[in-house]
Amino acid sequence: MKGICILGATGSIGVSTLDVVNRHPDKYKVVALTANTNIEELFNQCLAFHPEYAVVVDEAKSLLLKEKIANSAVANIQVLSGVKALEQVSTLENVDTVMAAIVGAAGLLPSLAAAKAGKTVLLANKEALVMSGDIFMGAVRESGATLLPIDSEHNAIFQCMPAGYVAGETAKQARRILLTASGGPFRETPLEQLPSVTPAQAIAHPKWEMGKKISVDSATMMNKGLELIEACLLFNMSPDAIQVVIHKQSIIHSMVDYVDGSVLAQMGNPDMRTPIAHAMAYPERFDSGVAPLDIFAVRQMDFEQPNLERFPCLRLAYQAIKAGGIMPTVLNAANEIAVEAFLNEQIRFTDIAITIEKTMQEFSPESADTLEIVLATDQKARTVAQQMIANLT
Ligand code: NAD
Ligand code: MG
């Protein structure tokens with residue numbers, strides 16, 4: 001029986017994780033659940049899974065949850081609040097596994113704390129890894145933590161790696177990674193229409209149901225850009241060895257090309273419960289609730305080169321990882337600010353890439369070898385991106 005802490009329990013990945021946990025009550029016990037503000041969902045999850053701790057980052061909201069819990073059948077759950085409490089629950093003695101499913105930079109400190117504490121870290125929160133790169137991978141190495149990717153592409157690549165493969169190593173016989181992408185909702189939209197697309201259109205993803213931020217990232221293909229950087233770090237490969245492939249059916253979740261000409265692919269229905277269940281059962285397997293793939297219904301699979309003119313965010317991500325140092329941190333921070341401004345209808349869809357590019361131009365690739373540098377760069381890049389947005393509007 002393993003104890004699990006789910007950071008970001010109320011989000012899309014958090015809810016899918018609890019769905020998998022629910023199928024295996026003999027294997028997993030929920031120790032802690034966390035949310036930013038959504039106490040209604042968190043309360044229902046507390047009733048269903050009876051964790052020891054429930055963390056609400058927002059203090060006022062946590063008091064409301066405390067009251068609801070005190071008057072419920074699960075009154076012994078401890079309700080905590082604040083950012084520090086996230087780190088507290090992700091490093092608890094009886095937590096073996098941490099699902100890192102907070103969105104954005106907010107997930108860095110609790111995910112890193114879990115890695116430093118030697119936990120089994122199921123990493124969905126790609127922004128945490130992108131912004132802290134070598135620091136995160138170094139923490140995993142030093143503590144002996146087990147790092148298992150949840151992002152469907154990286155989970156697929158991990159599954160296609162040689163037996164016994166450990167994240168962070170270079171698989172010498174693998175010459176290339178083929179990182180698949182659906183291309184998002186605007187894969188074929190005429191370029192001149194892109195400036196006027198709305199947030200509602202951008203978050204309506206054709207293949208995956210996800211949180212708002214990652215849905216916008218998928219529409220700009222910054223999601224693939226972040227994933228490119230994530231892949232360089234997880235699999236210790238150069239960006240030149242990673243080819244992005246647009247595969248609109250989203251049945252192949254990525255591939256590894258070996259020196260003998262073998263190309264291994266992992267396939268399945270696009271449902272995040274597959275990579276979640278894979279990582280939770282690893283190195284074994286168990287049921288995820290995902291329907292078997294109907295290969296005859298798929299019929300056809302297409303593969304295309306990405307168009308960097310249509311998707312400048314992907315070009316910027318290649319640029320950031322090749323420059324190295326703090327540049328991925330800058331890219332991520334500027335993107336978070338730009339996506340938020342787009343969702344709030346302050347800027348146009350095409351202004352997202354413009355904001356990121358202009359922000360990146362204000363920085364040079366200094367080394368990012370301490371957490372202090374990373375956190376300071378993240379803050380500074382956010383401020384610069386806000387200024388760029390103010391100049392645009
Ligand atoms: P979401 O928006 O649905 O959920 C985010 C979760 O994080 C919520 O529980 C929320 O309460 C919490 N949160 C948000 N801001 C916070 C803050 N400031 N402090 C603490 N907690 C905060 O997002 P999601 O789609 O579940 O994505 C979560 C992560 O997983 C992202 O990094 C995303 O890129 C990654 N991911 C998601 C999917 C997917 O299918 N949804 C696939 C691959 C990777
Ligand atoms: Mg992905």
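Small disclaimer: the values here were computed from a predicted structure and weren't measured. Just so you know, these numbers use all the heavy atoms, side chains as well, and skip hydrogens, waters and symmetry mates. One-based numbering, in listed order, for ligands and for the atoms of each.
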Check: [X] N/O within less than 3.5 Å of ligand 1 N/O:
X: G211; answer: yes
X: G104; answer: no
X: T10; answer: yes
X: E127; answer: yes
X: S152; answer: no

Atoms in ligand 1 flagged as close to [X], the criterion being non-hydrogen separation under 4.0 Å:
X: A106; result: 17 (C), 18 (N), 19 (N)
X: V57; result: 19 (N), 20 (C)
X: A35; result: 11 (O)
X: A124; result: 30 (O), 32 (O), 35 (C), 36 (N), 44 (C)
X: G8; result: 6 (C), 7 (O), 9 (O)

Just wondering, more than 12 heavy atoms not from [X] lying within 6.0 Å of its [atom1]?
X: D19; atom1: CG; answer: yes
X: E67; atom1: CD; answer: no
X: E304; atom1: CD; answer: yes
X: K29; atom1: NZ; answer: yes

I214 to ligand 1, any heavy atom closer than 4.0 Å: yes
I need the nearest protein heavy-atom contact for [atom]: residue, atom name and distance, please.
atom: atom 28 (C) of ligand 1; value: A101 O, 3.4 Å
atom: atom 34 (O) of ligand 1; value: K126 CE, 3.2 Å
atom: atom 4 (O) of ligand 1; value: G11 CA, 3.1 Å
atom: atom 13 (N) of ligand 1; value: N36 CB, 3.6 Å
atom: atom 29 (C) of ligand 1; value: I102 O, 3.8 Å

What donor-acceptor contacts under 3.5 angstrom involve side-chain atoms of residues 334-343, with partners at least two apart or in another chain?
residue, atom, partner, partner atom, Å
N335, ND2, D217, OD1, 3.0
E336, OE1, R382, NH2, 3.1
E336, OE2, A105, N, 2.8
E336, OE2, N332, ND2, 3.1

Would you say the side chains of [X] and [Y] form a donor-acceptor pair under 3.5 Å?
X: N76; Y: H50; result: yes
X: N223; Y: E227; result: yes
X: N391; Y: Q387; result: no

For ligand 1, the portion of M210 having any non-hydrogen atom under 4.0 Å away: both
Polar protein atoms (N, O or S) that approach the Mg ion (ligand 2) to under 2.8 Å: D151 OD1, E153 OE1, E227 OE2
Geometric class of the H247/F303 ring pair [parallel <30°, tilted 30-60°, perpendicular >60°]: parallel
F235 and H154 aromatic ring geometry - parallel, tilted or perpendicular at 30°/60° bounds: parallel
Path from Y53 to V98 over hydrophobic side-chain contacts below 4.5 Å: yes
Working for side-chain hydrogen bond (donor to acceptor under 3.5 Å, both in side chains), residues N94 and E52: CA-CA 10 Å; N94 58 344; E52 289 169 31; 3.0 Å; yes
With L65, the side-chain contact (heavy atoms from CB on, under 4.5 Å) member among N38, I39, V55, I77: I39
